[in-house]
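Some notes on the structure that comes next.
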Amino acid sequence: MTMARTNTVIVLLGPPGAGKGTQADRIKREIGLTHVSTGDMFRDEVARGTELGLKAKAYMDRGDLVPDEVTIGMLLGRLAQQQGGILLDGFPRTLEQAKALDRALEERGSAVDRVLAIAVPDDELLSRLSGRWLCRNCGAVYHEKNQPPKQAGKCDACGGELYQRDDDKREAAVRRLERQRPPDALIGHYRSQGKLVEVDGQRSVDAVGDDLIAALR
Ligand code: AP5
C-alpha cells in the first residue's frame with residue numbers, strides 16, 4: 001500500500017543541493033502528492049515583486065534562511081488552501097518551523113507521516129550547486145555533468161530556456177552549506193517521533209529515488 005492518502009504529509013529534508021527538488025519530481029509522479037517547495041514559493045514572490053518577496057530576497061541572495069515568522073506564515077497560508085496529500089520540500093528547516101507545522105496539522109486532524117532525509121557530503125554538494133541548470137518555464141532540474149539536457153540551454157521536457165540561480169554562485173552556495181544543513185534539533189525532533197528515514201544521497205538519481213519511493217510504500 002502506498003502513502004497516497006488524501007491527507008498524507010511527507011517532508012523532504014536535506015542540505016542545499018542534496019537532490020530534494022530532483023527527487024520531489026519523481027515522488028509526486030509516482031505517489032501522487034502535490035509538491036510544495038518554500039524555495040520555489042519565495043522565488044515566485046521575488047519574481048512578482050511582492051512585499052514578501054522583497055523581504056525574502058536579501059536573505060536568499062546572501063545564502064541565509066528567511067526568518068521563521070515570514071516563512072511559517074507563508075507556508076501555513078499555502079497549507080490552508082491544500083486539498084489532498086502534500087510533499088513538503090525545504091520546509092521545515094528549523095525546530096520552530098517543525099513545531100508550527102505540527103500544530104497546524106493537528107488542528108486539521110492530520111500529522112506528518114514520514115520524513116525523508118537525504119545525506120550528501122559538502123564537496124559533492126558544492127559541485128552539484130555550481131553545475132545546476134533549471135528550466136525557466138517548467139522548473140525541470142539539470143546538471144551540466146550529472147544530468148545534462150539533450151541540447152545545451154534548452155529543456156528536454158518543454159523546450160524552455162535553462163538558467164542558473166544567483167544563489168548557486170560560489171560565495172552564496174558556500175554560505176548556504178555552512179548555514180542551511182538541517183539542524184540536529186530538527187533531525188532529532190522527527191527521529192524521536194519515529195518518522196525519520198535517512199537515505200544516502202551520494203548515489204545515482206535513480207538509486208536514491210528507489211530508496212525514497214520504497215520508504216513510502
Ligand atoms: P531552496 O530552493 O529550497 O534551496 P535549497 O534548500 O538550497 O535546495 P536546492 O533547491 O538548492 O537543492 P535541492 O536539494 O532541491 O537539489 P536539486 O534537486 O536541485 O531555497 C532557496 C532559499 O529560499 C534558501 O537559501 C532560503 O534563503 C530560502 N528558504 C527556502 N525554504 C526556507 C525555509 N523553510 N526557511 C527559511 N528560508 C527558506 O539538485 C541539485 C543539483 O544536483 C542539480 O543540478 C541536480 O541535477 C543534481 N543532482 C541531484 N541529485 C543528484 C544525484 N543523485 N547525483 C548527481 N547529481 C544530482
Side-chain angles (χ1 to χ4, degrees), residues 11-28 35-47 52-53 55-76 78-79 87-98 100-101 116-135 139-149 155-156 162-169 171-183 186 199-212:
V11 170
L12 261 181
L13 283 188
K20 302 183 294 296
T22 302
Q23 298 298 344
D25 195 48
R26 175 169 170 194
I27 295 171
K28 80 177 172 197
H35 176 206
V36 173
S37 150
T38 39
D40 287 348
M41 291 174 76
F42 281 132
R43 280 184 288 278
D44 179 59
E45 298 281 348
V46 171
L52 197 156
K55 263 189 215 160
K57 187 174 184 324
Y59 295 95
M60 295 170 77
D61 286 350
R62 279 202 305 271
D64 284 334
L65 287 179
V66 179
D68 277 346
E69 61 272 20
V70 177
T71 309
I72 290 170
M74 178 181 75
L75 189 278
L76 296 190
R78 174 67 184 79
L79 199 62
L87 174 65
L88 291 173
D89 159 3
F91 186 97
R93 295 197 197 202
T94 65
L95 185 57
E96 274 314 304
Q97 292 179 13
L101 177 65
L116 306 173
I118 307 176
V120 179
D122 276 357
D123 53 346
E124 168 71 12
L125 291 171
L126 206 50
S127 121
R128 287 189 189 182
L129 293 175
S130 59
R132 171 166 57 185
W133 289 82
L134 296 147
C135 176
V141 186
Y142 298 90
H143 188 279
E144 56 196 22
K145 292 199 188 109
N146 308 334
Q147 272 192 300
C155 178
D156 293 351
L162 302 186
Y163 76 101
Q164 290 196 286
R165 276 169 43 178
D166 284 344
D167 63 350
D168 281 348
K169 290 182 184 132
E171 196 181 331
V174 167
R175 194 169 166 99
R176 282 159 67 206
L177 293 180
E178 283 167 5
R179 301 189 162 225
Q180 297 199 27
R181 283 199 159 273
L186 179 62
V199 170
D200 173 6
Q202 203 180 17
R203 295 172 297 146
S204 72
V205 170
D206 286 347
V208 176
D210 288 347
D211 279 5
L212 296 174

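Every number for a ligand or one of its atoms is a count from 1 in the order of the listing. For the numbers below, each heavy atom of this structure counts, side chains included, while hydrogens, waters and symmetry mates do not.
At least one donor-acceptor pair closer than 3.5 Å links the side chain of Gln180 to the backbone N or O of Gly63.
Ion pairing between a basic and an acidic side chain is recognised when a charged N comes within 4.0 Å of a carboxylate O; Arg26 and Asp210 show such pairing. Comment: Arg176 engages Asp168 in a salt bridge, judged by a side-chain N to carboxylate O separation of less than 4.0 angstrom. By the 4.0 Å N-to-carboxylate-O rule, Glu124 lies close enough to Arg128 to be salt-bridged with it.
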For this session: Given side chain to side chain contact (heavy atoms under 4.5 Å, CB included), test Leu79 with Val36 step by step and report yes or no.
Result: CA-CA 9 Å; Leu79 199 62; Val36 173; over 6 Å; no
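For the pair Arg62 and Tyr59, the cation sits on the ring face: its NZ or CZ lies under 6.0 Å from the ring centre, inside 45° of the axis.
A distance limit of 4.0 angstrom between heavy atoms and ligand 1 selects the residues Pro15, Pro16, Gly17, Ala18, Gly19, Lys20, Gly21, Thr22, Thr38, Gly39, Phe42, Arg43, Met60, Asp64, Leu65, Val66, Thr71, Gly90, Phe91, Arg93, Gln97, Arg128, Leu129, Arg132, Val141, Tyr142, His143, Asn146, Gln147, Arg165, Arg176, Gln180, Gly201, Arg203, Ser204, Val205.
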